[in-house]
Amino acid sequence: MRTSQFPLNTVKDTPSDAEIASHQLMIRAGLIRKLAAGLYSWLPLGLRVLRKVEKITREEMEKAGALEVLMPALQPAELWQETGRWQHYGPELARLKDRHERDFCLGPTHEEIITDLARHELKSYKQLPITYYQIQTKFRDEIRPRFGVMRSREFIMKDAYSFHLTQESLQETYDVMYSAYNNIFDKLGLNYRAVIADSGSIGGAVSHEFHVLAESGEDAIAFSTGSDYAANVESATALREKQPLPKPTETREKILTPGQKTIAEVSAFLGVAPQKILKTLAIMRTIKDALGEEREVFWLLYLRGDHELNEIKARKLLGDFRFATDDEIESHLKGRAGYIGPPLPESHLIIPWLADWSAIEMTDFVCGANEAGYHFKGCNWFNDFILFDLENFDHSIEHLSEEYKKDIRNVVEGDKSPDGKGEITLARGIEVGHIFQLGTKYSEAMKAGIINEGGKYQTMIMGCYGIGISRVVAAAIEQNHDAHGIVWPNNIAPFQVAICPMNMHKSERLKEAAEQLYADLVAAGFDVLFDDRKVRAGFMFADMELIGIPHYLIVGDRGLDAGTVEYKDRTASDNEVIPLADIVEFLKAKLV
RNA sequence: CGGAGCGUAGCGCAGCUUGGUAGCGCACUUGUCUGGGGGACAAGGGGUCGCAGGUUCAAAUCCUGUCGUUCCGACCA
């Protein structure tokens with residue numbers, strides 16, 4: 001391709017609404033243009049990248065035995081009503097009516113559609129297992145679209161769905177997909193991690209996310225230094241070591257802590273490490289009473305001061321809850337927000353509670369005194385507070401019912417890996433893929449079954465496997481860029497090689513040499529961008545670096561006298577001089 | 001949905017406080033010079049100042065409404 005016929009549309013100014021590097025660079029390099037909030041057009045240069053990501057994905061899906069289909073983006077409400085998601089999905093489902101006032105939505109995902117397809121097309125166990133996939137535009141009416149195509153309202157996704165008779169068969173396909181995903185991200189040339197994930201609202205048991213590692217990632221992921229354990233922080237756990245607890249040595253003492261409300265403030269004020277301060281959270285938990293009526297109950301959660309509550313874990317144990325308001329804290333605990341702690345026996349307050357196990361193992365700790373401006377220090381659970389664990393006759397923390405000590409916190413750097421090998425470290429990741437074992441959630445609701453070997457009707461078991469194609473492009477940039485622009489991995493660069501002739505319009509023999517080089521490289525099968533614009537060298541280099549071409553060749557009169565061209569790697573600071581005759585072989589070696 | 005900004009040339013912005021001829025940089029067009037890291041000079045084209053209403057002799061500027069958009073929060077494959 002020649003730049004004279006392939007406008008680069010690069011811009012010098014950074015758009016004011018682009019916060020992260022990939023968004024800024026995608027605009028600056030002329031990959032995308034914004035149409036409206038969360039809606040982007042792909043320019044020719046950007047589309048070349050997108051297509052390469054699609055191509056790699058498609059190749060690996062085919063290798064994994066998946067069959068490509070294409071399902072409508074516009075979907076009838078009836079199918080969504082069958083699974084109940086028409087009601088449950090919330091406002092991010094883009095709903096609309098047709099001219100006959102019938103309800104439709106723009107598909108954010110295609111479980112309903114594929115399940116409908118499968119129940120009509122699959123009749124016999126002999127057709128199973130089977131995996132369908134598509135590369136389709138999805139819609140999600142995000143509350144706040146941002147970061148360019150990273151979180152947009154319309155995006156391109158590869159989604160695959162598998163159908164099975166048995167859990168074993170699902171596991172087999174899941175494993176095939178797991179390795180297909182590894183192959184895809186390997187080929188894309190990205191630094192990524194497969195992590196154990198929470199399966200979220202889609203449902204199902206086993207689930208892995210694939211994250212591209214990048215500082216700006218929206219997700220925190222935890223992985224072990226000593227094993228291949230990796231999990232989203234939402235579901236990462238730490239090893240709970242059984243070790244003898246230190247005996248209490250202090251007695252409770254009330255101390256004045258005016259204006260010190262947060263853990264950080266109390267820690268600094270008293271000169272006590274956050275690990276020695278109890279964090280007490282007050283929530284209103286929604287429960288169903290004996291009559292099946294829903295009501296809210298005041299509840300306390302205890303965490304170590306340096307730990308954060310993991311709401312997903314807590315909700316799994318407690319169901320739905322919200323944080324209590326200051327007024328609710330005062331009325332239930334007779335305490336003041338910012339100074340709350342476990343109630344003393346003499347308060348005669350019976351308040352249900354749950355602690356993170358690490359909080360229960362604290363001794364001689366600091367906590368709020370349930371009185372504005374005061375904390376306690378030297379606290380110990382059984383010495384000072386009512387734990388109302390009636391079965392626990394010897395009143396020891398070790399024998400406290402497990403019901404009270406659960407895992408409800410986020411892991412932190414330095415925690416022991418749950419497999420006992422190594423320690424947890426944290427990194428930021430961009431979720432670009434997610435695979436689930438769905439089970440029968442959709443097939444049951446939609447009566448998608450087949451006749452099994454025994455001649456009996458059986459509901460199919462499903463798996464689903466997604467890759468955010470357009471997000472991958474942004475993630476690749478987020479991970480691979482420098483001060484000059486994008487640094488594309490070889491396999492997804494819009495062009496592999498750029499030819500930059502110096503003052504070509506002034507030298508006929510240079511023009512001939514550059515044209516010949518271009519013809520040779522194209523013939524050798526490279527994606528080549530020939531910069532035949534009449535622009536100055538600096539301008540040309542700046543453009544090539546901004547759009548991230550990984551390899552470029554500088555053709556000048558100087559080198560031509562010696563029969564050479566200069567080669568520059570996008571990431572290298574110096575040029576290499578290569579004999580013109582060797583250049584095809586040289587590049588082949590670089591691009592394998 | 002709550003809070004806070006911003007809408008002026010294709011892009012980035014100034015002008016608004018204190019009402020009176022529509023401005024700057026980049027980009028674009030033409031020419032001359034220049035020619036290995038976004039070059040210089042000269043000339044030029046391009047605007048319903050988001051939209052509607054109001055105040056005024058006069059509104060980009062003041063007032064009201066409205067639409068769009070961005071950021072923070074809540075929410076979320």
Side-chain angles (χ1 to χ4, degrees), chain A residues 7-20 23-24 27-28 30 33-39 85 88-93 107-111 138-148 150-153 155-159 197-204 207-211 218-219 232 234 311-312 322-323 429-436 438 464-472 483-485 500-507 510 531 533-547 552-560 565-566 568 573 575 577:
Chain A
L8 291 179
N9 303 316
T10 52
V11 288
K12 252 195 271 188
D13 287 316
T14 302
S16 58
D17 59 349
E19 294 173 86
I20 59 170
H23 187 191
Q24 293 172 354
I27 301 288
R28 289 225 291 133
R33 288 290 181 257
K34 184 166 84 167
L35 177 66
L39 300 175
R85 287 211 291 182
H88 290 126
Y89 214 96
E92 71 179 35
L93 181 63
T109 172
H110 280 73
E111 280 86 6
K138 310 281 188 191
F139 301 85
R140 226 161 269 181
D141 196 357
E142 292 281 351
I143 300 172
R144 193 145 84 81
R146 55 184 136 175
F147 307 143
M150 193 80 86
R151 180 169 292 271
S152 50
R153 289 196 289 182
F155 55 97
I156 295 171
M157 187 161 159
K158 185 285 299 178
D159 49 330
D198 183 78
S199 47
S201 56
I202 292 192
S207 162
H208 283 87
E209 289 169 354
F210 287 77
H211 285 263
E218 288 190 271
D219 287 295
N232 193 309
E234 288 177 353
E311 292 194 34
I312 291 174
R322 61 177 174 83
F323 289 102
I430 300 165
E431 186 190 349
V432 289
H434 203 159
I435 58 178
F436 302 86
L438 283 180
C464 106
Y465 320 89
I467 290 180
I469 301 284
S470 40
R471 180 180 278 190
V472 163
H484 301 290
C500 303
M502 296 293 99
N503 299 313
M504 184 170 73
H505 63 286
K506 281 217 171 159
S507 164
L510 201 144
D531 200 346
R533 295 174 298 179
K534 189 181 164 185
V535 294
R536 300 170 72 89
F539 194 92
M540 198 180 272
F541 296 149
D543 258 0
M544 292 303 130
E545 283 169 348
L546 177 58
I547 68 175
Y552 49 103
L553 300 173
I554 302 158
V555 193
D557 272 313
R558 279 185 227 159
L560 226 47
V565 293
E566 289 163 61
K568 187 167 183 306
S573 50
N575 297 358
V577 176

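The structure presented is a predicted model; accordingly, all values stated were derived computationally and were not measured. Here is the naming used below: chain letters follow the sequence lines, and residue numbers restart at 1 for every chain.
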Asks: Scan every strand shown for a Watson-Crick or G-U wobble partner of G20(B), both distances under 3.5 Å, and answer none if you come up empty.
Replies: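 Pairing partner: C57(B).
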Asks: When you get a sec, tell me which of U70(B), G39(B), G38(B) is the closest nucleotide to the side chain of Ala37(A)?
Replies: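 Comparing U70(B), G39(B), G38(B) against the side chain of Ala37(A), the answer is U70(B).
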Asks: Who passes side-chain contact (heavy atoms from CB on, under 4.5 Å) against Gln24(A), sequence neighbours left out?
Replies: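 Gln24(A): side-chain contact (heavy atoms from CB on, under 4.5 Å) contacts with Thr14(A), Ala18(A).
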Asks: Would you please indicate if the ring centroids of Phe210(A) and His208(A) are separated by under 6.0 Å?
Replies: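 For Phe210(A) and His208(A), the ring centres are not under 6.0 Å apart.
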Asks: Please state whether the base of U70(B) and the side chain of Arg146(A) form at least one donor-acceptor pair under 3.5 Å?
Replies: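 Answer is no: no donor-acceptor pair is held.
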Asks: Taking 4.0 angstrom as the limit, do Arg28(A) and Asp13(A) come out as a salt bridge?
Replies: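 Between Asp13(A) and Arg28(A) there is no salt bridge, as every charged N stays at least 4.0 Å from the carboxylate O atoms.
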Asks: Closest approach to the side chain of Arg471(A), judged atom by atom: which nucleotide of C71(B), A77(B), G35(B) is it?
Replies: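 Taking heavy atoms from C-beta onward, the closest nucleotide is A77(B).
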Asks: What one-letter contact string describes nucleotides 1-8 of chain B from 5' to 3', where B marks a base within less than 4.0 Å of any protein heavy atom, S marks contact via sugar-phosphate atoms alone, and - marks no contact?
Replies: --------
Asks: Does G25(B) have a Watson-Crick or wobble partner in any strand here, with both distances under 3.5 angstrom, and which is it?
Replies: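 Answer to the pairing question: C11(B), which forms a Watson-Crick or G-U pair with G25(B).
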Asks: Ion pair present between Lys34(A) and Asp17(A), side-chain N to carboxylate O less than 4.0 angstrom?
Replies: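 Salt bridge present between Lys34(A) and Asp17(A).
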Asks: Kindly say whether, by distance alone, the side chain of His484(A) makes a donor-acceptor pair under 3.5 Å with the base of G37(B)?
Replies: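 No, no donor-acceptor pair under 3.5 Å.
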Asks: Does a side-chain N-to-carboxylate-O contact under 4.0 Å join Arg151(A) and Glu218(A)?
Replies: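 The answer is yes: the pair qualifies as a salt bridge.
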Asks: Does one side chain, of Tyr552(A) or Glu566(A), offer a donor that lies under 3.5 Å from an acceptor on the other?
Replies: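 Result is no, nothing qualifies.
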Asks: Can a side chain N or O of Arg144(A) be found less than 4.0 Å away from OP1 or OP2 on C71(B)?
Replies: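 For C71(B), OP1 or OP2 has a side-chain N or O of Arg144(A) closer than 4.0 Å.
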Asks: Would you mind telling me which residue lines up with the more 5' stretch of RNA chain B, Glu142(A) or Asn575(A), judged by nearest nucleotide?
Replies: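 Its nucleotide being nearer the 5' end, the pick is Asn575(A).
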Asks: Indicate, yes or no, whether a donor-acceptor pair under 3.5 Å links the base of G35(B) to the side chain of Lys506(A).
Replies: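 Counting by modelled atom types and ignoring angles, a donor-acceptor contact under 3.5 Å is found here.
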Asks: Any N or O donor-acceptor pair linking the side chain of Asp543(A) to the base of G38(B) at under 3.5 Å?
Replies: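 A donor-acceptor contact between them is present.
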